[in-house]
Amino acid sequence: MVGSKKRKGNKAVVNIVLGIICFIWLIPTLGLFISSFRPAADILQTGWWKVFPHQEWKASNDVIRLSKDVDLRGPIEVNGKTYTDAQLKAGVVEGGKRLMWENRRARMISVQTEGWVTKPNLTTENYKNVLSGKEYKLKKADGSETVQKGSGLSQAFLNTLTIAVPATIIPVLIASFAAYAFAWLRFPGRKTMFVTIIAMLVIPLQVALIPVLKDYTALGLNGSYLGIWLAHTAFGLPLVTYFMYNFISQLPKDLFESAFIDGASHFTIFSRLILPLSVPALASIGIFQFLWVWNDYLVSLIFIGNQPNVQVMSMKIADLVGSRGNDWHLLTSAAFISMLMPLAIFFLLQKYFVRGLMGGSVKG
Amino acid sequence: MGTQAKPGIPLRAVLISLGILLANIVVNGLIFLFFRDSTLNPLLTAVLAVLWGVVGVYLIYYTLTFAAEQYPDKIRGRILPFIFVGPAVLLLGWLLVLPALRTLYLSFFDASSDKFVGLANYAAVFSDRLLGTALRNNLLWVFVGTLACVAFGLLIAILADRSSYEKTAKSIIFMPMAISFVAAGVIWKFVYYYQPGDEQIGLLNAIVTYFGGQPQAWTSMIQPWNNFFLILILIWMQTGFAMVIFSAAIKGVPDDILEAARVDGSGEIRIFFRIIIPFISTTILTVTTTIIVFTLKIFDVVMVMTGGQYDTEVVATQFYRQFFMYRNFGYGSTLAIVLLIAVLPVIFVNLRQFRKQGGF
């Protein structure tokens with residue numbers, strides 16, 4: 001069995017190459033994850049990888065004092081060897097020890113040794129601050145103190161959820177109805193309508209933003225849940241319809257033809273047969289739509305505006321980046337909180353996801 | 001809804017359907033007003049709103065089909081398809097098709113949409129240096145980003161399919177897809193972070209200095225290469241999408257064909273190019289299209305990472321700036337239309353492919 005042996009050898013290579021790719025893919029997120037647990041000061045001073053054991057130069061008790069008459073601009077002699085000032089500034093490694101200025105004015109050179117260091121200084125303080133808002137103490141005119149909370153992420157989290165769930169289910173439902181009609185019902189204008197929808201798959205939504213915003217302003221839909229649901233629905237519909245059409249049109253015809261003959265209405269067939277059969281497809285396109293809506297920034301930015309009671313998480317985080325670019329500790333934990341939901345959804349529904357993407361694999 | 005006054009249409013049915021239509025509008029309108037003015041506890045509002053959004057849509061279909069069922073068979077058969085596709089078509093018409101036409105119309109007008117200026121905006125768009133940069137960058141995003149995503153996606157899908165830890169690997173690669181562009185921006189700020197001096201807290205600069213190099217301000221200084229560092233973020237995020245779909249498609253390649261090819265002595269690379277690639281070519285086209293579309297409207301990454309400074313402006317960020325900061329509606333619309341024109345070939349290819357597939 002030469003063939004199988006060769007493939008086994010290939011497999012080891014495949015495993016290693018894939019492992020390296022996976023590792024590279026993970027690193028940025030890992031960095032964020034670790035940073036989100038580090039105190040603000042640590043984040044700014046050292047890289048996140050310093051929480052792992054690493055070798056670092058540490059000053060020992062050895063200190064070399066140079067005599068006062070050494071010219072620091074010329075070559076400096078230390079223990080029989082000569083170095084330049086610049087070298088000592090950066091540190092020179094000599095026989096496993098590092099020589100470096102400890103205090104140039106006092107002409108002290110520290111002799112450092114390398115050793116293992118960990119900085120496992122981790123805290124959940126960042127998350128607390130981000131979720132509930134930072135607490136500010138305010139002094140009133142009469143001298144009494146009140147504690148006020150800055151706006152936290154919890155409201156934004158709730159808003160995002162309120163927007164994302166309907167903005168996922170509504171388009172998937174509307175698209176499924178439409179896909180069923182396009183696939184199995186005959187009516188005038190069917191072809192034109194469907195081809196138009198396919199064509200709209202690729203229309204950049206920027207094209208629609210300005211007029212829709214005008215309509216929304218006129219109708220009072222700006223900053224409302226309904227408005228943003230409708231926007232996400234419309235912008236997601238072409239793809240979801242196309243996807244559901246591909247799935248529904250491949251279902252075996254006799255399956256519901258017999259139901260139709262038995263007197264079931266199209267609505268019954270749709271909700272009793274098509275929807276249950278399409279669960280894998282619904283789940284997978286649903287995940288995509290959910291992720292898009294959850295992660296959206298542009299649409300929310302335009303149709304929600306600055307009203308804090310409806311603001312979504314991506315806007316909050318973008319604000320944090322802009323206004324408090326140095327509050328790394330808040331940014332990191334905020335970003336991580338915003339990732340929790342989509343990651344959970346993804347890992348929970350992964351099974352459906354792959355099955356749904358296989359499209360039309362229902363055995364007839 | 002095709003309710004011509006033909007003999008045989010029962011008046012009762014007409015009244016019922018009109019009533020149902022009206023009731024839908026009134027009820028949903030009232031609920032909308034309730035939410036707009038509500039001062040309820042946020043959690044309760046959220047729960048109720050979700051309920052309304054989800055149940056409401058289903059009820060609309062349910063009541064409308066109920067109305068259709070009041071009619072005799074023949075007429076019902078005519079109305080029903082329109083009830084099924086109606087909401088989709090209406091929404092798309094209102095929120096995509098009409099707006100596209102209106103944007104086209106606006107693009108011929110001046111900043112405040114009062115004066116007709118013909119093609120002046122288009123001339124300005126193509127002569128303005130900033131917009132020129134934006135267009136160039138968008139092309140860069142589309143070509144480099146899409147190509148890399150598709151190639152990596154395919155490569156990783158193939159590797160994962162033959163590895164012994166397929167599921168884990170796929171989850172890891174796909175994970176960034178679940179992250180918002182904004183959060184990804186934060187993540188990558190930690191990779192690209194630059195500060196003068198020895199101690200670097202940005203990973204890339206730490207690596208560079210470890211090997212004795214000079215730290216760089218990746219996203220701002222080295223123009224125009226800084227764009228590639230932004231595009232890298234897109235690749236990191238979208239490769240997973242391509243991979244998952246390719247992976248599903250590759251699993252659809254019949255085993256017996258692969259086995260036959262192996263028995264014939266074909267190498268894995270030959271099998272990949274001669275069997276797998278042709279077999280999943282439609283999937284490749286679909287994925288490419290999706291990513292191109294995604295990339296064309298790229299906005300968040302640039303906005304979060306550089307705010308469009310340092311020559312990283314793309315059409316979408318310029319569009320946002322023109323429209324919301326400078327209030328130049330004519331310019332903004334023109335940019336949107338330029339984006340649309342850029343997409344036209346993709347639409348064309350897709351439609352042709354769709355027809356070839358025997359869609360209609």
Side-chain angles (χ1 to χ4, degrees), chain A residues 14-15 17-18 22 25-26 28-29 31-32 35 47 155 158 162 165-166 169-170 173-174 177-178 180-181 185 187 191 193 198-200 202-204 206-208 210-212 224-226 229 233-234 237 241 266-267 291 295 297-298 314 317-318 321 331 335 338-339 342-343 346 354 357-358, chain B residues 32 35-36 42 46 49-50 53-54 57 61 65 80-81 84-85 87-89 91-92 95-96 99-100 102-103 159 162-164 169 172-173 178-183 186-188 190-191 201 203 206 245 248 293 296-297 299-300 304 316 319 323 332-333 336 339-340 343 346-347 351 354 360:
Chain A
V14 165
N15 281 342
V17 173
L18 190 64
C22 287
W25 236 256
L26 261 183
T29 320
L32 180 84
S35 298
Q155 178 65 40
L158 203 61
T162 315
V165 173
I169 296 176
I170 295 173
L173 199 62
I174 291 183
F177 271 108
Y180 173 73
L185 303 179
F187 55 95
K191 205 167 160 179
M193 279 185 216
I198 301 295
M200 278 190 289
V202 280
I203 289 188
Q206 275 92 353
V207 169
I210 298 175
V212 172
S224 73
Y225 287 130
L226 183 62
W229 291 341
T233 302
L237 258 182
T241 310
H266 281 298
F267 188 80
L291 292 181
N295 293 332
Y297 177 53
L298 181 61
S314 56
I317 297 171
V321 179
L331 259 181
S338 80
M339 289 158 53
L343 287 182
F346 167 64
V354 175
L357 285 170
M358 310 274 283
Chain B
F32 167 69
F35 277 109
R36 203 186 57 183
V50 168
V54 174
V57 175
Y61 282 102
T65 35
L80 212 63
F84 275 35
V85 296
V89 171
L91 268 178
L92 285 173
L95 297 174
L96 266 178
R102 286 163 68 187
T103 301
L159 286 178
R162 282 131 210 263
S163 74
S164 25
I172 290 174
I173 304 290
I179 299 170
S180 70
F181 277 112
V182 176
V186 178
I187 289 180
W188 282 82
F190 269 86
V191 177
I201 62 167
L203 183 64
I245 295 185
V293 174
L296 263 173
K297 57 178 196 192
F299 170 78
D300 325 39
V304 174
F319 163 83
F323 185 60
S333 305
L339 210 55
L340 180 61
V343 171
V346 186
I347 301 183
L351 283 180
F354 183 69
F360 269 88

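In what follows, chains carry the letters A, B, and so on, assigned in the order in which the sequence lines appear, proteins first and then strands, with residues in each chain numbered from 1. Remember, it's a predicted structure, so these values are computed and weren't measured experimentally.
- Most heavy-atom pairs under 4.5 Å with chain A, from the set B:Leu95, B:Thr65, B:Leu91, B:Val57: that is B:Leu95.
- B:Ile179 contributes atom CD1, which lies 8.0 Å from atom CG of A:Leu32 (distance to the nearest 0.5 angstrom).
- Considering all non-hydrogen atoms of both residues, B:Leu96 and A:Ala208 come closest at CD2-CB, 4.1 Å.
- Atom-to-atom distance recorded for B:Leu92:CG and A:Met193:CE is 11.5 Å, nearest 0.5 angstrom.
- Here B:Tyr61 and A:Phe177 bring their ring centres to under 6.0 angstrom of each other.
- Contact annotation for B:Ser333: both backbone and side-chain heavy atoms come within less than 4.5 Å of a heavy atom of chain A.
- Of the residues considered (A:Leu26, A:Leu185, A:Leu298, A:Leu343), A:Leu298 shows the highest number of contacts with chain B, using heavy-atom pairs under 4.5 Å.
- Interface residue A:Phe187: only side-chain heavy atoms are found under 4.5 Å from chain B.
- For the set B:Leu80, B:Ile172, B:Val89, B:Leu296, the entry with the most heavy-atom pairs within less than 4.5 Å of chain A is B:Ile172.
- For B:Trp188, the ring-ring contact (aromatic ring centres under 6.0 Å, His included) partners at least two apart in sequence or on another chain are B:Tyr192, B:Trp236.
- Across all non-hydrogen atoms, the minimal contact from A:Ala178 to B:Ala88 is CB-CB, 3.9 Å.
- Side-chain N or O atoms of A:Ser314 include none that pairs as donor or acceptor with a backbone N or O of B:Val182 at under 3.5 Å.
- Counting heavy-atom pairs closer than 4.5 Å to chain A, the top residue among B:Ile173, B:Val191, B:Val54 is B:Ile173.
- Listed options B:Ser163, B:Ala183, B:Ala100 were ranked by heavy-atom pairs under 4.5 angstrom with chain A; first place goes to B:Ser163.
- Only the side chain of A:Ser35 comes within contact range of chain B, judged by heavy atoms closer than 4.5 Å.
- Most heavy-atom pairs under 4.5 Å with chain B, from the set A:Thr233, A:Val17, A:Leu173: that is A:Leu173.
- Interface summary for chain B: among A:Val165, A:Ile169, A:Thr29, A:Ile198, the most heavy-atom pairs under 4.5 angstrom belong to A:Thr29.
- Annotation: maximal heavy-atom pairing with chain B below 4.5 Å, among A:Pro28, A:Ser338, A:Ser224, occurs at A:Pro28.
- Closest heavy-atom contact between B:Ala49 and A:Thr162: CB-CG2, 3.7 Å.
- Between B:Phe84 and A:Phe267, the ring planes lie perpendicular to each other; the angle is over 60°, past the 30° to 60° tilted range.
- In this structure, the portion of A:Leu291 lying under 4.5 Å from any heavy atom of chain B is its side chain and not its backbone.
- B:Ile187 places a side-chain heavy atom less than 4.5 Å from the side chain of A:Met339.
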